[in-house]
Amino acid sequence: MSARPMSIQEAEPSATKRFIAALRQLHIDEPDVDKRWQKMGSLLGELLAEPSVKSQSEKWPSCDQGGLSEGGQRAQNLLLYEDPDHGFVVNGLVKAPGTRTSIHDHAHNWTLYGVLDGSETIERYERLDDGSRPEYAEVRKTENVQVAPGKIDLVRPWQIHAEESGEQRTVAIIVRAEKPGGFLQGRYDPETRKYWQGYGPTQIPFE
């Protein structure tokens with residue numbers, strides 16, 4: 001029988017326990033949400049730099065990213081940790097080469113997206129219309145950035161974006177203010193100017 005893959009909390013106990021403890025303490029000490037998430041980004045950077053975390057992520061399974069059109073299958077995230085007091089979660093995400101997400105927002109949810117292995121292109125968009133027309137949105141790409149391991153992207157609420165993995169398997173560690181999947185998030189098609197909503201990624205408990 002093969003050994004089960006280690007969870008994020010087992011990969012590097014001292015580093016991971018420090019990471020989780022520091023996130024919990026920031027929720028107590030820093031009432032300013034923007035400042036808190038900026039500080040959390042530095043903590044995530046330290047975790048991404050741990051060689052043992054990258055090594056154990058080689059055992060993580062690939063995550064389906066769902067369909068890019070309305071009604072498509074929901075994406076998947078590995079659920080590595082959910083905080084019982086403050087509600088934040090730590091997700092793992094493994095994408096096959098050349099995998100592209102839909103253009104989307106995270107609704108009200110704050111998100112830190114850290115690349116652990118591989119490379120990605122991150123696209124940012126701005127909305128041009130006033131949102132008054134149902135199922136309609138005009139968006140324009142404002143950034144197209146290549147990112148490598150160690151890069152952390154702070155995605156604020158309602159920020160429109162998309163990611164595409166490079167020529168090799170890409171692994172990310174994501175910290176979210178709350179577990180997604182229970183509320184609707186925006187989806188955008190720049191060509192048709194179609195706007196719709198869908199639920200966030202399915203959470204797959206992983207140990």
Side-chain angles (χ1 to χ4, degrees), residues 32-45 48 63-72 74-77 88-89 91-178 180-181 183-201:
D32 185 295
V33 176
D34 191 271
K35 291 180 180 178
R36 181 195 306 155
W37 281 85
Q38 293 283 356
K39 294 175 182 178
M40 287 166 62
S42 297
L43 298 174
L44 179 56
L48 295 174
C63 302
D64 193 333
Q65 289 308 289
L68 301 183
S69 61
E70 184 176 6
R74 287 171 62 185
Q76 298 174 334
N77 280 181
F88 67 83
V89 297
N91 286 136
L93 176 59
V94 180
K95 291 191 285 191
T99 300
R100 178 177 172 79
T101 68
S102 63
I103 301 172
H104 63 285
D105 63 46
H106 294 166
H108 59 275
N109 212 7
W110 287 76
T111 305
L112 279 170
Y113 186 96
V115 179
L116 178 64
D117 197 12
S119 63
E120 288 203 307
T121 300
I122 294 178
E123 302 172 359
R124 296 187 189 276
Y125 293 79
E126 65 175 347
R127 187 164 183 171
L128 304 177
D129 67 300
D130 62 6
S132 61
R133 295 172 60 181
E135 301 182 354
Y136 179 90
E138 294 180 39
V139 297
R140 178 178 63 190
K141 185 188 297 185
T142 58
E143 281 189 272
N144 194 74
V145 183
Q146 297 281 337
V147 297
K151 169 66 178 179
I152 298 170
D153 188 27
L154 174 57
V155 185
R156 291 178 168 80
W158 312 107
Q159 190 171 69
I160 305 168
H161 62 287
E163 303 100 20
E164 183 172 2
S165 55
E167 297 180 352
Q168 64 187 66
R169 173 181 182 267
T170 302
V171 184
I173 295 178
I174 309 169
V175 183
R176 305 181 192 273
E178 67 178 87
F183 53 88
L184 293 171
Q185 302 177 197
R187 305 287 187 267
Y188 305 82
D189 186 332
E191 294 185 4
T192 64
R193 299 181 178 179
K194 176 75 173 178
Y195 170 80
W196 69 100
Q197 291 183 318
Y199 288 99

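Only this structure's heavy atoms are used, side chains among them; waters, hydrogens and symmetry mates stay out.
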State the [atom1]-[atom2] distance between [X] and [Y], to the nearest 0.5 angstrom.
X	Y	atom1	atom2	result
Glu138	Leu128	CD	CG	6.0 Å
Leu93	Gln76	CG	CD	10.0 Å
Tyr136	Asp189	OH	CG	12.0 Å
Asp153	Leu112	CG	CG	8.5 Å
His104	Ile160	NE2	CD1	10.5 Å
Lys95	Thr101	NZ	OG1	5.5 Å

Would you mind reporting whether [Y] and [X] have side-chain heavy atoms less than 4.5 Å apart?
X	Y	value
Lys141	Ile103	no
Ile122	Glu143	no
Arg193	Asp129	no
Ile174	Asn77	yes
Asp34	Gln38	yes
His108	Phe183	yes
Gln185	Pro180	yes

Minimum heavy-atom separation for [X] and [Y], please, with both atom names.
X	Y	answer
Gly118	Gln168	CA-NE2, 3.6 Å
Trp37	Ala177	CH2-N, 3.4 Å
Ser165	Gly98	OG-N, 3.1 Å
Pro190	Val139	CG-CG2, 3.8 Å
Val147	Val115	CG2-CG2, 3.9 Å
Gly92	Cys63	O-SG, 4.3 Å

Verdict with supporting geometry, Gln159 and His106, side chain to side chain contact (heavy atoms under 4.5 Å, CB included): CA-CA 7 Å; Gln159 190 171 69; His106 294 166; over 6 Å; no

Side chain of [X], backbone of [Y]: donor and acceptor closer than 3.5 Å?
X	Y	result
Asp105	Gly186	yes
Glu164	Thr121	no
Thr170	Ser119	yes

Derivation of the side chain to side chain contact (heavy atoms under 4.5 Å, CB included) call for Leu184 and Tyr199: CA-CA 5 Å; Leu184 293 171; Tyr199 288 99; 3.7 Å; yes

Residues Arg156, Trp110; criterion side chain to side chain contact (heavy atoms under 4.5 Å, CB included); working and verdict: CA-CA 5 Å; Arg156 291 178 168 80; Trp110 287 76; 3.6 Å; yes

SB check Arg100 Glu123 (cutoff 4.0 Å): yes

Identified side chain to side chain donor-acceptor pair (under 3.5 Å) counterpart of Tyr113 within the set Glu120, Glu163, His161, Lys151: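 That would be Glu120.
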
Centroid-centroid under 6.0 Å between Tyr188 and Tyr195 rings: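 Yes, the ring of Tyr188 comes within the 6.0 Å limit of the ring of Tyr195, centre to centre.
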
